[in-house]
Amino acid sequence: MPRESRKGRKSSKNTAENGSGQLSLQLENKAEERLGIRAMEQWLLDAACKVRGPVDAPKFKDFILPLIFYKRLSDVFDDEFVACEEKFGGTDLARAFIEADHRDALKNNRQPIVRYYIPQDYCWDKIRFHPKDGLGEFVTTAMREVAKFNPALSGTLTLKDYNEKQQNERVLNDDRLKDLIEVVSRHRLGLKNTNADVLGEAYEYLLRKFAEGQGLCAGEFLTPSEVGWLIGEIMNPEPYTKIYDPTCGSARLLIKPRLVFNRQHPGEESKAPRLYGQELNPTTFAIAKMNMFLQDFTDSQIEIGDTFRQPKFTVDKKLMRFDYVVANPMWNDNNYDADAYEADSFERFKDGIAPSDKADWGWVQIIWASLKDNGRAAVVLDTGAVSRGSGSKNKGKERDIRKEFVEKDRIEGVILLPENLFYNTPSPGVIILLNRQKPLERKGEYLLINAADYFIKGDPKNILTKEGIKKVVEVYQKWETREKFSKIVKLKELKEADYNLSPSQFVDINDKVVHRSIADILPDLVVAKQEREWADKDLNEVLAKLNLDMRG
């Protein structure tokens with residue numbers, strides 16, 4: 001991609017020292033720079049690898065992601081500042097107006113004229129050209145001060161201390177921090193340089209790269225993108241609705257239905273669904289908020305805390321309810337014993353207490369309780385969640401809760417995914433589809449889809465194919481049985497299977513084995529023997545002509 005031209009203006013360092021007076025010229029010189037998704041992905045990966053190397057970069061995501069986020073905030077503010085300069089006729093007037101407007105916006109809890117206010121002392125160039133000595137301390141101060149000026153950014157820019165030490169050694173010393181900042185400075189992330197969709201997609205690419213390096217623990221914050229797109233297409237949200245994820249992680253799954261809406265309703269972003277999420281881990285919570293800001297979904301609301309014990313989205317001490325819920329809770333979560341269920345004050349666990357070492361059906365009940373009367377949900381779980389306890393003498397708690405959901409006609413369908421998609425396990429997952437208002441013609445029916453074969457072999461993880469996504473969505477929308485792919489089953493069949501909802505039990509994707517009697521096989525064997533003898537005779541005649549004898 002083109003680099004910044006320095007012809008006809010002062011250096012960036014002088015621009016930083018002289019404030020925003022030269023800002024218009026600086027941005028004009030880079031106005032034509034436009035980053036596509038591949039260039040953006042490679043640039044962000046270069047920044048991550050600059051810290052130490054591709055192997056160690058995942059350990060430093062908490063340092064890298066806030067820097068990229070801060071660069072976007074600063075560049076967008078610069079763009080908006082230039083627009084104000086043009087409107088008010090000068091730098092001083094623009095600055096005075098923005099500062100006054102920002103103070104009033106905070107006081108009256110309204111949206112200011114600029115998205116986020118970046119004080120002149122903490123613009124990106126001040127970080128880029130700060131002396132190497134004390135750089136970590138300055139970056140930390142800059143981020144915390146900007147967070148104070150912009151309360152909506154709480155919990156994001158305060159994620160990491162860039163001067164942090166472990167065993168009396170800097171985790172990220174000023175030399176490597178300086179190199180990282182220089183790579184991040186390579187391109188602008190302003191409004192004209194890249195749109196929110198491209199930046200958000202590149203950001204997700206970087207998260208995936210971190211996940212590949214982190215292995216098992218990455219499953220706590222990352223749902224494979226293709227699984228998210230599949231769920232987004234199935235949810236297909238309506239205008240002016242609300243979507244919720246009680247275990248939102250990095251919000252990668254939560255944003256997909258809204259992106260689907262934007263794609264299917266171009267120019268109608270004002271009607272787009274609002275997003276709500278809650279996340280337990282402070283670091284992942286910060287990443288989720290950053291993801292929302294980078295996507296320009298500023299009307300979204302992300303809260304921190306344990307949804308299981310203390311849901312944050314409530315109205316008059318009752319659960320807030322949503323049109324859609326999407327979630328990929330931790331599989332086989334062992335953090336909740338019977339006391340956690342019994343202490344619940346929101347009546348979410350009416351159908352039973354899940355095993356203390358497997359909270360899957362506890363989460364399903366939470367999601368069901370969070371739906372409006374016509375709401376729908378998609379929950380990603382371990383495959384065992386739909387079969388454990390069925391066909392056993394000891395029925396088990398999960399089987400009993402599953403029985404309640406089946407007989408009350410809450411489950412719309414189950415989708416079996418390919419193996420090795422998820423970063424925390426090589427096992428396949430399932431998507432359980434819930435519907436509080438199933439259409440009359442689908443009452444008592446359950447759609448089971450076996451998409452186990454629809455993947456591309458990847459390293460280190462497989463990828464759900466576009467063909468697979470399209471086929472699953474099509475079958476769901478048409479609600480139909482397809483050979484070796486899907487089957488509509490009735491309540492009677494599920495009762496006979498002891499409430500085993502595994503699609504592989506009902507949809508065989510392998511070729512059928514045909515069994516024949518001995519009497520039918522013997523004539524074929526006689527014919528085969530005769531054909532072999534004739535072939536041997538022909539071969540011997542050819543070999544004899546060549547003076548070759550294979551018999552000795």
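We're numbering straight along the sequence, starting at 1.
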Would you list the atom pairs, donor with acceptor, under 3.5 Å between side chains in residues 261-271 and any protein atom, with sequence neighbours excluded?
| from | atom 1 | to | atom 2 | distance (Å) |
| --- | --- | --- | --- | --- |
| Arg263 | NH2 | Glu233 | OE2 | 2.4 |
| His265 | ND1 | Phe261 | O | 3.1 |

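- Arg376 places no side-chain N or O within donor-acceptor distance of the main-chain N or O of Arg436, the cut-off being under 3.5 Å.
- Atom CG of Asn109 has 12 or fewer heavy atoms from other residues, nucleotides or ligands within 6.0 Å.
- Checking side-chain atoms of Trp43 against main-chain N and O of Val183 turns up a donor-acceptor pair under 3.5 Å.
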Residues Ser185, Trp124; criterion side chain to side chain donor-acceptor pair (under 3.5 Å); working and verdict: CA-CA 8 Å; Ser185 301; Trp124 181 257; 2.8 Å; yes

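- Gln310 CD: 12 or fewer foreign heavy atoms inside a 6.0 Å radius.
- Ionic pairing of Glu41 and Arg38 is present here: one or more N-O contacts between side-chain nitrogen and carboxylate oxygen are shorter than 4.0 angstrom.
- Note that Arg258 lies in the cation-pi zone of Phe297, set by a 6.0 Å cut-off to the ring centre and a 45° limit from the axis.
- Between the side chains of Thr223 and Asn328, a donor-acceptor pair is found at a separation under 3.5 Å.
- At least one side-chain heavy atom of Tyr70 sits less than 4.5 Å from a side-chain heavy atom of Ile127.
- A salt bridge links Asp175 with Lys132: the distance from a Lys NZ or Arg NE/NH1/NH2 to an Asp or Glu carboxylate oxygen falls below 4.0 Å.
- In this structure, the side chain of Arg309 does not engage the main chain of Ala340 through any donor-acceptor pair within 3.5 Å.
- In this structure, the side chain of Glu226 does not engage the main chain of Ile463 through any donor-acceptor pair within 3.5 Å.
- For CG of Asn374, the number of neighbouring non-hydrogen atoms (other residues, nucleotides, ligands) closer than 6.0 Å is greater than 12.
- A distance-only check finds a donor-acceptor pair linking the side chain of Lys461 to the backbone of Phe422 [under 3.5 Å].
- Side-chain contact between Arg186 and Asp46 is present, with at least one heavy-atom pair separated by less than 4.5 Å.
- Relative ring orientation between Tyr244 and Phe313 is described as perpendicular, the plane-to-plane angle rising above 60° on a 0-90° scale split at 30° and 60°.
- The aromatic rings of Phe97 and Phe88 are tilted relative to each other, their planes meeting at an angle between 30° and 60°.
- At a threshold of 4.5 Å between non-hydrogen side-chain atoms, the residues Pro66 and Thr156 do not count as touching.
- Inspection of the Lys242 and Tyr324 side chains reveals no N or O donor paired with an N or O acceptor under 3.5 Å.
- In this structure, Tyr117 and His102 have tilted ring planes: the angle between them lies in the 30° to 60° band.
- Not a single donor-acceptor pair under 3.5 Å links the side chain of Asp245 to the backbone N or O of Gly277.
- The shortest distance between side-chain heavy atoms of Arg274 and Ser300 does not fall below 4.5 Å.
- Salt bridge Glu145/Lys148: present, at least one basic N to carboxylate O contact under 4.0 Å.
- A heavy-atom distance below 4.5 Å is found between the side chains of Met40 and Leu189.
- The shortest side-chain heavy-atom distance between Val379 and Ile431 does not fall under the 4.5 Å cut-off.
- The ring pair (Phe, Tyr, Trp, His ring centres under 6.0 Å) test with Tyr116 is passed by exactly one of Phe81, Phe149, Phe293, Phe69: Phe293.
- Ring planes of Tyr122 and Phe138: tilted class, angle from 30 to 60°.
- Proximity of a side-chain donor or acceptor of Arg170 to a complementary backbone N or O of Tyr162 within less than 3.5 Å is detected.
- Side-chain atoms of Tyr240 and Asp323 include no donor-acceptor pair closer than 3.5 Å.
- Between Asn193 and Asp75 the shortest side-chain heavy-atom distance does not fall below 4.5 Å.
- Of all heavy-atom pairs spanning Ala48 and Leu206, the tightest one is CB-CD1, 3.9 Å.
- A salt bridge links Asp344 with Arg348: the distance from a Lys NZ or Arg NE/NH1/NH2 to an Asp or Glu carboxylate oxygen falls below 4.0 Å.
- Contact check on Lys178 versus Glu182 returns no salt bridge, with no Lys/Arg side-chain nitrogen under 4.0 Å from an Asp/Glu carboxylate oxygen.
- Lys289 places a side-chain N or O within donor-acceptor distance of the main-chain N or O of Ala152, the cut-off being under 3.5 Å.
- Looking only at atom types and distance, the side chain of Asp333 has a donor-acceptor partner in the side chain of Asn335 under 3.5 Å away.
- At a threshold of 4.5 Å between non-hydrogen side-chain atoms, the residues Leu253 and Ile231 count as touching.
- Under a 3.5 Å cut-off, the side chain of Glu80 and the backbone N or O of Arg115 do form a donor-acceptor pair.
- A donor-acceptor pair is defined here as one N or O able to donate and one able to accept, closer than 3.5 Å; such a pair exists between the side chain of Asp174 and the backbone of Gly136.
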